[in-house]
2 protein chains.
Amino acid sequence: MKKPAPEPEAQTGVVHVSDKTLRAFLGYQMKRTFNVIQSDLSQTLKPFDLRMLTYTALVLIVDNPGLRQSQLAEAMDIERPNLVVIIDELERRDLIIRDRLPNDRRAYALLPTLAGRRLCEKAVAAAEEHEKRLLRDLNPDAQAMAMKVMQLIENNRRRDS
Amino acid sequence: MKKPAPEPEAQTGVVHVSDKTLRAFLGYQMKRTFNVIQSDLSQTLKPFDLRMLTYTALVLIVDNPGLRQSQLAEAMDIERPNLVVIIDELERRDLIIRDRLPNDRRAYALLPTLAGRRLCEKAVAAAEEHEKRLLRDLNPDAQAMAMKVMQLIENNRRRDS
DNA sequence: TATTGTTATACTCTATAACTATA
DNA sequence: TATAGTTATAGAGTATAACAATA
């Protein structure tokens, strides 16, 4: 983070953020970085006709066959109503099925189809490439550290509201 | 990251993500973490009637008086049309002004008002508290490392598209 | 009475094309 | 012809309340 010349009406296109402000501004860098990951991943998943949300849902169902919608929504950190259309889409494309639980007929067990598993495998391989590209400058220690930092932040989530 | 028992139809509420999948899934943890930061910051900014976008714009204008809208949009990583309503709102609340540049009458210099500076100061102080809370388990080294990781990822953004 | 999935709905954020006024 | 800001608009993603079926 170099400091550009602080003339007020600079036409350079370089925007200055003071150290004080930046320190108080985790969300600023976080959002920029997430935008990069999100748009890169979207491009990567386009050939499979998957978005980040449908991809995430599919991966989690393949990894956790029998998952209920409410559990999946919690894992994806989205509200239950918003998951419905995602599951609808995956089911319409015969990538997963909703299987009524015999012991609780309110809920569905979400199961991947064979086609779902196959598409998932290909999409995960592509996503691995995408991540390798984005993380190419980072040694495994730095990657692990970044993961740990994110998990710690998540654990400090507000309990209220 | 402990491994929960991998029974397929677990009712435990714990969702399993295999190591292989997780490794290929930076966006998954990133999104969860960003959600936490975003919703916590939104709560924090509510008393000031600011959202993350209006807050970011205000901070950057206070730090870079005379900025043009196109520069600000680039800094915020959003499209120019989407910035207009944000600037409209800040101007309507007399937190900033649009000042025509005499040498290029197409563009505006964005300047904070006194009220804008004051609100910004208070909001930044609140945001600092918010960040301290989320980062309380992290030593400065880990924080700096996480920042560096995010910047490196951002620098690997796709050039195409 | 509580929970699962659902519908409807509203709001925010994002992305694109086309316009205006200036350069 | 190109650029800065704008308008209009469409599409994602998100959040909440209310409902039917089931527990």
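This structure is a prediction, so every number in the text was calculated from the model and none was measured. Just so we're on the same page: letters track the sequence lines, and every chain starts at 1.
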Do any N or O atoms from the side chain of A:Thr44 and from the backbone of A:Ala126 form a donor-acceptor pair under 3.5 angstrom?
no
Hey, does A:Gln69 reach any base, or is it just sugar-phosphate, or nothing, if we go heavy atoms under 4.0 Å?
sugar-phosphate
DNA chain C nearest-nucleotide lookup for A:Asn82 and A:Arg100: closer to the 5′ end is A:Arg100
Between D:dA4, C:dT4, D:dT6, spot the one nearest the side chain of A:Ser70, thanks.
C:dT4
Quick check against the 3.5 Å criterion: does A:Thr33 have a side-chain atom that pairs as donor or acceptor with the backbone of A:Gln29?
yes
Ignoring hydrogens and angles, are the base of D:dT3 and the side chain of B:Arg106 linked by a donor-acceptor pair under 3.5 Å?
yes
Can a salt bridge be assigned to the pair B:Glu121 and B:Arg118 using a cut-off of 4.0 Å between side-chain N and carboxylate O?
no
Nearest listed nucleotide, side chain of B:Ala107, among C:dT7, C:dT4, D:dG5
D:dG5
Protein-nucleotide distance (A:Tyr108, atom OH; C:dT3, atom P), rounded to Å:
19 Å
Listed nucleotide nearest any side-chain atom of A:Arg105, set D:dT14, C:dA17, D:dT22:
D:dT22
Along DNA chain C (nearest heavy atom to each residue), the more 5'-positioned of A:Asn35 and A:Asp88:
A:Asp88
From the set D:dG13, D:dT6, C:dT16, return the single nucleotide nearest to any side-chain atom of A:Leu53.
D:dG13
Would you mind reading off the distance between A:Ile87 atom CD1 and C:dT6 atom C1', rounded to a whole angstrom?
13 Å
What is the distance, rounded to the nearest whole Å, between atom CZ of B:Arg80 and atom C1' of C:dA21?
17 Å
Rounded to the nearest angstrom, tell me the gap between atom CG in A:Asp99 and atom P in C:dT4.
17 Å
To the nearest angstrom, the CD-P distance between B:Glu91 and D:dT6 comes to 8 Å
Figure out the CD1/P separation between A:Ile78 and C:dC13, and round it to whole Å.
19 Å
Nearest to the A:Pro81 side chain among C:dT6, C:dG5, D:dG5, which nucleotide is it?
C:dT6
Check the angle between the aromatic planes of A:Tyr55 and B:Phe25 and answer parallel, tilted or perpendicular using the 30° and 60° thresholds.
perpendicular
Between atom CG in B:Asp104 and atom P in D:dA4, what is the gap in whole Å?
8 Å
How many whole angstroms separate atom NZ of B:Lys46 from atom P of C:dT12?
11 Å
Apply the side chain to side chain contact (heavy atoms under 4.5 Å, CB included) test between A:Leu110 and each candidate in A:Leu60, A:Ile61, A:Leu58, A:Leu90; give the one that qualifies.
A:Ile61
